[in-house]
Amino acid sequence: MNTPATHERLRFNMIEQQIRPWDVHDPQVLELLNVIRREDYVPAVHRALAFFDMELPLDNAAEPGQTMLAPKIEARTLNDLKVQPHESVLEIGTGSGFMAALLAGRAAKVLTLEIDAALAERAAKTLQRNGVTNVEVRHADGSKPLPSGPTFDVIVLSGSVARIPQGLLGSLNIGGRLSAIVGNEPMMRSHFVTRVSEGQWETTQPWDTVAPRLLNFPEPSPFNF
């Protein structure tokens, strides 16, 4: 069984061998990865793998294939978004709750949506148990518009989509940023979209990866005419 000392050694190795080499250099992000205990968010059966460079199954999910993203993907996303202490965040795809905890360590408040009721309940309890008080976990389909129509400084899609959901771009405040992993296997690209004015957005695509699909977002037709 892994001891607390073993966890700290594995956490150090995760940061130094996986995350720093992936161009994650923001000292505040690196410190969050030190203090937010990733192992607390991993399903118990996979806890020994909490610090490995891999996706981990979320075993109590109703839909097969739901996973916790690899540590370097979550860390690089947080690094590149440059979340500020006064900002509000929307996350789509709560999963384990770990990314929500990281976002909450930087932002004023986080609303995270999870389509799977069992995962939403588990994540809410895990966040509460770890003293994260500025996150609201909501059981909801993130592909549907929010009924109250709020806007956010940061929107994070914690999974992949075939294309950027255009409806979400209007939910960004001016200066707000949206991150998503876009495309199809075997290669996808990260997209960071910044709303620079009322009707203008700028997009960068700084790195490649692959991530499981978020549910219910549109897929392109497989037919070509």
Heavy-atom distance under 4.5 Å between the side chains of [X] and [Y], does that happen here?
X	Y	answer
Phe152	Leu146	yes
Leu69	Pro212	yes
Arg163	Pro218	yes
Thr112	Val135	yes
Leu168	Leu172	no
Leu214	Ile92	yes
Thr77	Met99	yes
Val89	Val83	yes

Hey, any chance [X] and [Y] share a hydrophobic cluster, counting ILVMFWY side chains that come within less than 4.5 Å of each other, even indirectly?
X	Y	answer
Val182	Phe192	no
Ile73	Ile155	no
Met68	Leu113	no
Leu111	Leu78	no
Met188	Leu157	no

**Request:** Look at atom CD of Glu185 and say whether more than 12 heavy atoms of other residues, nucleotides or ligands are closer to it than 6.0 Å.
**Result:**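 No, not enclosed.
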**Asked** Has Glu16 got more than 12 heavy atoms of other residues, nucleotides or ligands less than 6.0 Å from its CD?
**Response**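 Check passes, neighbour count above 12.
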Salt-bridged, [X] to [Y], with N to O below 4.0 Å?
X	Y	result
Arg213	Glu219	yes
Glu136	Arg138	yes
Arg106	Glu87	no

Rounded at 0.5 Å granularity, tell me how far [atom1] in [X] sits from [atom2] in [Y].
X	Y	atom1	atom2	value
Glu8	Arg11	CD	CZ	4.0 Å
Thr209	Lys72	OG1	NZ	7.0 Å
Leu56	Met54	CG	CE	5.5 Å
Glu74	Tyr41	CD	OH	11.0 Å
Leu33	Arg37	CG	CZ	14.0 Å
His191	Ser179	NE2	OG	11.5 Å

With distance as the sole test, does [X] use its side chain to make a donor-acceptor pair with the main-chain N or O of [Y] at under 3.5 Å?
X	Y	answer
Glu114	Asp116	yes
His139	Ile115	yes
Asn79	Val29	no
Asp153	Ser88	yes
Arg195	Leu178	no
Arg47	Val42	yes
Ser160	Ala211	yes
Gln18	Phe51	yes

**Asked** Under the side chain to side chain contact (heavy atoms under 4.5 Å, CB included) criterion, do Val210 and Met187 qualify, and how do the steps go?
**Response** CA-CA 6 Å; Val210 174; Met187 190 181 79; 5.6 Å; no
**Request:** Report yes or no: is the cationic atom of Arg38 (NZ for Lys, CZ for Arg) under 6.0 Å from the centre of the six-membered ring of Phe98, at an angle within 45° of the ring normal?
**Result:**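 Output yes; distance and angle both within limits.
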**Message:** Whether the Trp207 and Asp80 side chains hold a donor-acceptor pair (N or O, under 3.5 Å, no angle test) is what I'd like checked.
**Reply:**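 Result is yes, a qualifying pair exists.
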**Prompt:** Just checking, any donor-acceptor pair under 3.5 angstrom between side chains of Ser158 and Glu91?
**Reply:**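 The criterion, which ignores hydrogens and geometry beyond distance, is satisfied for Glu91 and Ser158.
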**Worked verdict on Val154 versus Gln84 for side chain to side chain contact (heavy atoms under 4.5 Å, CB included)** = CA-CA 9 Å; Val154 174; Gln84 300 301 306; over 6 Å; no
**Request:** Check the pair Asn34 / Leu30 against side chain to side chain contact (heavy atoms under 4.5 Å, CB included), numbers first and verdict last.
**Result:** CA-CA 6 Å; Asn34 257 320; Leu30 295 171; 5.8 Å; no
Closest heavy-atom contact between [X] and [Y]?
X	Y	answer
Arg189	Pro206	NH2-C, 3.9 Å
Asp141	Ser143	OD1-OG, 2.7 Å
Ala180	Ile164	CB-CD1, 3.9 Å
Gly170	Thr151	O-CG2, 4.3 Å
Leu169	Trp201	O-NE1, 3.3 Å
Arg76	Asp23	NH1-CB, 3.9 Å

